[in-house]
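Note that the structure is predicted; figures quoted are calculated from it, not measured.
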Amino acid sequence: MSLLTSGLTIGVPPHISVRTGSLIILPPLTKEAITAEKKEQRFKATILIPGKIVIGAAAVIPPDPKLESYEPLDLHALITPGCSLAQVVEEKVRVLLAAKNAVIMPLIAESNEMNDMMVMMLNQLIEGVEGIKEPSSVVQIMRKNSICAITALREALTIYKNIFPHIYDDLVQECQKIMAVKRGSAAEIREEILKIAAGPVVVVAKNVAVSDKGKLNGRVVGVVLEQGGPSNHLSVSLKDAGTQGAVGSASIIDSGVKSGDTVIIDGNGGEIIINPTQETLALYRKQMETHSWLVENVLELFRLREVSLREQPVSFMRNAASPAETQAATGLGFHGTGLVRTENIFMSDNAGEPRQAEPSLQEQVSWYSNFMIAAGENELIIRTFDLALDKIPEYLSSVRSNLAKGKQGLTLFFEDETSNPCFFLLRNQLKALLLAAKNNQRKVKIMFPMVAKVDQFNRAVQLVDEVALRLNVSAEDYFKLGAMIEGREIVYGQLAQLAQHLRAEFFSIGTNDLTASITGINRQFGTGGNTCAALDPRVIKALKRIIEVIGATGKPLSVCGDMGDNWHGLVVLLALGLRRISVSPDSLPLAKALVESLAGDELDNMIKGIEKIVGAEEVGRFIENVIDRIIPQHVLDVMKPFLFNTLT
């Protein structure tokens with residue numbers, strides 16, 4: 001059955017048209033935003049949601065921290081008998097200058113973005129006289145002890161702790177501010193958004209920390225970032241929430257864009273347009289209307305439709321970061337929640353501010369219970385906290401060096417259990433999940449991320465049983481345990497043993513980390529190559545092996561990574577035989593339409609053809625040629641606005 005001959009009446013249920021209506025909201029354009037004095041500028045970028053166009057007023061987050069925005073130190077409180085304010089200031093300047101001299105040269109010698117920021121800030125902070133002996137090199141300490149920069153800096157400054165105890169703490173505090181500003185470069189997001197009087201907002205920033213995502217309120221329709229990649233954790237969570245994004249738009253902040261300027265994110269052409277002319281605005285308004293009509297009158301017909309391929313039902317799941325997203329899943333046409341991102345409760349509090357301490361047990365129990373209530377009778381898979389370099393809360397900064405060494409997943413949680421804060425966090429999380437499941441009398445699927453070896457999964461099972469014993473319950477009464485397959489080590493190592501594990505009841509493929517592991521790309525900062533890399537024949541070979549090994553056990557296997565959101569990748573997953581796939585809400589109607597349009601023996605032979613190809617881009621073109629042959633042309637014409645070439 002094709003898209004245009006389905007026999008369905010053109011129209012959309014009211015509860016769905018409300019969502020798609022957001023595509024045509026336009027900002028109240030001021031005279032300043034469209035005045036001829038502001039020249040239209042265009043920038044190329046990797047777009048997160050194909051086909052979707054958004055227009056909004058820019059909220060520009062300054063990339064450089066402003067010294068005057070810091071809380072002033074109370075120097076008067078340091079005055080003691082016989083020590084005047086001038087002497088306090090002089091001592092402070094001397095110790096700050098000495099600290100700068102100890103830090104600045106090795107940082108310059110090993111220049112990178114983080115170091116350059118430190119150098120700039122220390123230069124801004126310190127003006128004065130020299131004369132204090134330099135402590136050990138911070139960089140040398142970082143290398144020797146494998147500790148984070150602020151810890152190394154604190155250690156390097158201990159020489160001053162006894163000499164100037166009243167200065168030492170202030171200096172450490174200032175340096176912590178430097179590091180905090182760098183890690184969360186969008187600390188002023190909420191304030192900048194409030195400066196925009198009304199209407200949709202497009203945040204423009206160097207980067208945004210995952211912990212700052214909570215500050216992107218309902219008015220934010222788009223996010224433009226100079227850094228980042230389409231598969232990093234912020235990008236994935238933006239797509240899950242239906243927020244358009246553009247990453248890798250180099251030099252956009254230096255272009256002179258100001259808060260209040262009009263910004264267009266073009267999901268068709270892969271461009272960001274700053275200060276569009278009135279003609280350009282009119283053109284994009286028309287494109288948005290066309291896009292919205294296609295969504296509402298064609299693709300939305302498929303959102304609630306049940307689809308199958310080769311007489312096998314295809315289930316589409318939603319990844320969720322909040323109970324509200326899980327609750328909305330069924331109404332949007334999903335079969336359940338394929339992944340709950342529990343990192344959100346560890347990264348941000350209810351106000352969207354970065355957490356300074358682990359959430360309480362009761363707070364976690366309440367949060368998990370809300371997911372269970374929201375899911376109702378639908379499937380709910382909850383992933384335990386998945387630490388990554390861009391998902392480190394401040395109170396776990398001590399594990400940054402382990403992450404930098406490539407340690408991931410359960411390796412981080414079960415190393416040095418007696419002193420490892422990650423271990424105690426996981427134990428508390430499992431306790432909270434068990435209590436929530438018991439309170440709601442519900443059996444929940446709990447999934448462990450980045451399982452590399454069978455003994456890691458064994459330890460995770462043992463910990464679950466230990467926690468259950470302390471609560472006087474049976475873990476198997478409330479939990480089904482599963483593992484994420486997302487690394488080369490397990491795929492070409494102990495995959496068969498893990499698949500046959502008695503307590504491993506289900507599995508999910510994390511295609512983002514799997515792609516990074518197989519191809520060696522940088523998931524956090526890669527650009528368009530991330531999308532292309534998922535089509536690498538080596539990745540497809542690994543996927544095929546996973547499906548064959550897990551399939552032989554008869555246990556459920558799904559995909560919770562980002563591959564299903566790219567139509568090239570979705571076709572590959574379906575051709576490989578996968579029938580449980582997570583996609584974002586914007587991708588769901590197109591995904592179902594594609595499934596219903598796929599037909600012919602060529603799909604069965606597509607994987608064999610791909611295995612003979614070397615490059616990922618060639619795979620993409622090969623898939624497009626296959627699709628051209630097996631999907632009717634009039635159907636392709638309708639899909640075209642949503643199938644732009646994501647390989648470039």
What distance do [X] atom [atom1] and [Y] atom [atom2] have between them, rounded to the nearest 0.5 Å?
X	Y	atom1	atom2	result
Glu377	Thr330	CD	OG1	10.5 Å
Leu412	Met450	CG	CE	9.5 Å
Glu417	Leu426	CD	CG	9.5 Å
Leu234	Leu225	CG	CG	6.0 Å
Ile264	Ile55	CD1	CD1	4.5 Å
Ile61	Ser259	CD1	OG	6.5 Å

Is atom [atom1] of [X] surrounded by more than 12 heavy atoms (other residues, nucleotides or ligands) closer than 6.0 Å?
X	atom1	result
Gln327	CD	no
Gln441	CD	yes
Lys258	NZ	no
Lys445	NZ	yes

Measure across [X] and [Y] and return the closest heavy-atom pair with its distance rounded to 0.1 Å.
X	Y	answer
Ala375	Leu380	CB-CB, 4.0 Å
His233	Ala388	CE1-CB, 3.5 Å
Gly338	Met447	O-CE, 4.2 Å
Gly222	Val54	CA-CG2, 4.4 Å
Pro50	Leu48	CD-O, 3.5 Å
Ala45	Ile272	CB-CD1, 3.1 Å

Decide yes or no on side-chain contact (heavy atoms from CB on, under 4.5 Å) for Ile252 and Val224, but give the supporting numbers first. CA-CA 9 Å; Ile252 193 166; Val224 176; 3.7 Å; yes

Side-chain donor or acceptor of [X] paired with backbone N/O of [Y] under 3.5 Å:
X	Y	answer
Ser558	Ser508	no
Asp565	Val583	no
Glu325	Ala321	yes
Asn440	Ala436	yes
Arg442	Gly376	yes
Gln456	Ala452	yes
Lys391	Asn344	no
His335	Phe316	yes

Cationic N near anionic O, under 4.0 Å, [X] to [Y]:
X	Y	value
Arg355	Glu363	yes
Arg341	Asp386	no
Asp240	Arg318	no

Do [X] and [Y] have side-chain atoms, one donor and one acceptor, less than 3.5 Å apart?
X	Y	answer
Asn428	Glu358	yes
Ser235	Asn232	yes
Ser366	Ser369	no

Decide yes or no for [X] and [Y]: does some side-chain heavy atom of the first lie under 4.5 Å from some side-chain heavy atom of the second?
X	Y	result
Leu238	Gln244	no
Lys480	Val444	no
Asn319	Thr337	no
Glu226	Ile253	yes
Phe334	Leu588	yes
Phe479	Leu433	yes
Ile509	Met484	no
Leu410	Arg459	no

Please walk me through it: do Arg503 and Asp465 pass salt bridge (Lys or Arg N to Asp or Glu O under 4.0 Å)? CA-CA 11 Å; Arg503 296 289 292 275; Asp465 290 340; 3.0 Å; yes

For the side-chain contact (heavy atoms from CB on, under 4.5 Å) test, which of [options] pairs with [X]?
X	options	value
Ile47	Ile265, Ile53, Val247	Ile265
Val340	Ile446, Ile382, Ile381	Ile382
Leu435	Leu430, Val473, Leu471	Leu471

Determine, stepwise, if the pair Arg383 / Glu343 fulfils salt bridge (Lys or Arg N to Asp or Glu O under 4.0 Å). CA-CA 9 Å; Arg383 181 182 65 185; Glu343 53 265 30; 2.9 Å; yes

Working note: Ile345 + Tyr368, criterion side-chain contact (heavy atoms from CB on, under 4.5 Å); need CA distance, chi angles, decisive distance, verdict. CA-CA 10 Å; Ile345 193 171; Tyr368 302 140; 4.2 Å; yes

List the steps and the verdict of salt bridge (Lys or Arg N to Asp or Glu O under 4.0 Å) for Glu379 and Arg580. CA-CA 12 Å; Glu379 185 169 16; Arg580 290 164 50 85; 2.9 Å; yes

Pairs involving residues 372-399, ordered by first then second residue, that meet ring-ring contact (aromatic ring centres under 6.0 Å, His included) (sequence neighbours left out):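 As it turns out, the ring-ring contact (aromatic ring centres under 6.0 Å, His included) pairs with a partner in residues 372-399, which skip direct neighbours, are Phe346-Phe385.
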
Per the ring-ring contact (aromatic ring centres under 6.0 Å, His included) rule, what does the pair list look like for residues 408-435, sequence neighbours excluded?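 Sorted result for residues 408-435: empty, none.
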
What verdict does the side chain to side chain donor-acceptor pair (under 3.5 Å) test give for Glu486 and Ser517, after you've listed the backbone C-alpha separation in whole Å, the side-chain angles of each residue and the deciding distance to 0.1 Å? CA-CA 8 Å; Glu486 44 190 338; Ser517 174; over 6 Å; no

How far apart are the C-alpha atoms of Lys239 and Asp586, what are their side-chain angles, what is the distance that settles it, and do they pass the salt bridge (Lys or Arg N to Asp or Glu O under 4.0 Å) test? CA-CA 8 Å; Lys239 282 184 282 188; Asp586 284 284; over 6 Å; no

Phe448 and Val464: side-chain contact (heavy atoms from CB on, under 4.5 Å), yes or no, with the steps? CA-CA 11 Å; Phe448 295 103; Val464 167; 3.9 Å; yes

For the pair Met317 and Ile581, evaluate side-chain contact (heavy atoms from CB on, under 4.5 Å) and give the outcome as yes or no after the intermediate values. CA-CA 6 Å; Met317 315 290 285; Ile581 302 169; over 6 Å; no

